[in-house]
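Notes for the one structure printed next.
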Amino acid sequence: AGAEGGSGSLTVTAGGKTVTLPVNVAGHIRTLEDFEGAENSFTADGAVDGASTTQVSLEQSLNNVRTGEQSLRVDYVAREGAARLEADVAIPAGEGYLGLWVKGDGSGNALSALVKTPAAESQTGETTPEGQSGDTEEAPTQPADAPEGAADEPKGDAPESPEGESPADVTALPLTTLDFTGWKHVLVALPKNAQALVGLEVTVAGEQGTGTIWLDQLTSANAPIED
């Protein structure tokens, strides 16, 4: 991985004296997944909509490896909706960009990254500080002829939150259109406070709903630096 930075100067004036100091700000690239080990951070998702599936395997043929000795081969079937990979890749705090090498299949389908971000403020369950009154709604008055205890009866069970990630916490970031067949480096700006890459998704955009792509060298960066 490469890195680049910026440089400038800082001028300080005090007591009638002025001093100018050189300032260098280093850019960096962090490798999040290189697919070189026996295991990796991605797993196949059996079905998204009953018709879409993915299979993953480590590729060792150097014709399909961009960096090192291995890449990740992804075979997908996305006849309807999207084919998805599950992922569990933490993104270091302060990173602004996500980079990935992709070998396309010329299908014209769309590849997206699914990135976890903090829950919306309205979903954090904030409470009113003690001593302060919030807006409240007056309870409805019970009719005079209502059966005793009717006001206390529940009106139905509240819907339960599904297990796992809330859809509101995941942002889909378009990475590239798979209209190429060689290797291509894609770089996308991350949302503020991105926490983790939780998946990749191939969405059908053309007539070809099946294909094979290869992935290599997943990185993060604090500047738009090419790997």
Side-chain angles (χ1 to χ4, degrees), residues 1-12 19-43 56-74 84-104 110-121 165 168-202 213-227:
E4 61 183 37
S7 62
S9 62
L10 176 66
T11 300
V12 180
V19 178
T20 299
L21 302 173
V23 176
N24 294 309
V25 179
H28 68 254
I29 294 178
R30 289 189 173 98
T31 299
L32 304 182
E33 175 62 75
D34 58 12
F35 305 106
E36 292 301 311
E39 299 180 355
N40 64 86
S41 305
F42 292 82
T43 56
V56 297
S57 59
L58 290 172
E59 176 69 77
Q60 295 182 334
S61 171
L62 295 183
N63 290 331
N64 296 315
V65 175
R66 176 61 179 75
T67 303
E69 298 180 353
Q70 293 186 153
S71 66
L72 187 71
R73 173 176 172 149
V74 181
R84 186 176 304 156
L85 292 179
E86 301 288 343
D88 184 16
V89 182
I91 297 174
E95 298 293 74
Y97 296 86
L98 190 71
L100 179 67
W101 280 99
V102 179
K103 186 174 183 180
L111 178 66
S112 300
L114 305 178
V115 175
K116 178 183 176 183
T117 56
E121 188 172 321
E165 303 294 343
D169 297 338
V170 176
T171 301
L173 304 178
L175 290 177
T176 187
T177 299
L178 298 170
D179 55 0
F180 55 95
T181 56
W183 284 102
K184 176 181 178 181
H185 187 256
V186 296
L187 188 71
V188 63
L190 289 167
K192 184 179 180 182
N193 298 325
Q195 296 176 330
L197 175 69
V198 296
L200 293 174
E201 195 169 72
V202 178
I213 61 175
W214 287 264
L215 311 175
D216 210 347
Q217 203 69 11
L218 175 69
T219 61
S220 66
N222 64 345
I225 306 170
E226 292 289 337
D227 182 33

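None of Leu197, Val115, Thr171 except one satisfies the side chain to side chain contact (heavy atoms under 4.5 Å, CB included) rule with Leu190; the exception is Val115.
Between Pro92 and Ser220, the shortest heavy-atom distance links the atoms CD-OG, 3.9 Å. The two residues Leu62 and Gly68 make their nearest non-hydrogen contact at CD2-O, 4.2 Å. Residues His28 and Asn222 come closest through the heavy atom pair N-OD1, 3.1 Å. Residues Leu58 and Phe35 come closest through the heavy atom pair CD2-O, 3.8 Å. Residues Leu178 and Gly104 approach most closely at CD2-CA, 4.3 Å, considering heavy atoms. Across all non-hydrogen atoms, the minimal contact from Leu200 to Leu111 is CB-CD1, 4.4 Å.
Rounding to the nearest 0.5 Å places CG of Leu175 at 9.0 Å from CG of Leu114. The CD atom of Glu69 sits 12.5 Å away from atom OG of Ser61, with the distance rounded to the nearest 0.5 Å. Here the straight-line distance linking atom CD of Glu201 with atom CZ of Arg84 works out to 4.5 Å at 0.5 Å rounding. Note that CG of Asp34 is 11.5 Å distant from OG1 of Thr219, once rounded to the nearest 0.5 Å. Thr67 contributes atom OG1, which lies 8.5 Å from atom CD of Glu36 (distance to the nearest 0.5 angstrom). One finds the CG atom of Leu218 at 10.5 Å from the CG atom of Leu72 (value rounded to the nearest 0.5 Å).
A donor-acceptor pair shorter than 3.5 Å cannot be found between the side chains of Gln217 and Trp101. Using modelled atom types and a 3.5 Å distance limit, the side chains of Thr117 and Lys192 yield no donor-acceptor pair. A donor-acceptor pair shorter than 3.5 Å can be found between the side chains of Glu33 and Ser41.
For Gln60, the side chain to side chain donor-acceptor pair (under 3.5 Å) partners two or more places apart in sequence, or in a different chain, are Gln70. Taking Tyr97 as the reference, nothing meets the ring pair (Phe, Tyr, Trp, His ring centres under 6.0 Å) condition, with sequence neighbours excluded. In this structure, the salt bridge (Lys or Arg N to Asp or Glu O under 4.0 Å) partners of Glu95, at least two apart in sequence or on a different chain, are Arg30.
Looking at Leu187 and Leu98, their side chains never come closer than 4.5 Å, going by heavy atoms from C-beta outward. Residues Asp88 and Val198 form no side-chain contact, since every pair of their non-hydrogen atoms from C-beta on lies 4.5 Å or further apart. Put simply, the side chain of Trp214 does not reach to within 4.5 Å of the side chain of Val65, judged on heavy atoms. Residues Pro191 and Leu173 have side chains in contact (heavy-atom distance under 4.5 Å, counting atoms from C-beta outward).
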Intermediate values then yes/no, side-chain contact (heavy atoms from CB on, under 4.5 Å), Trp183 and Asp216: CA-CA 9 Å; Trp183 284 102; Asp216 210 347; 3.9 Å; yes

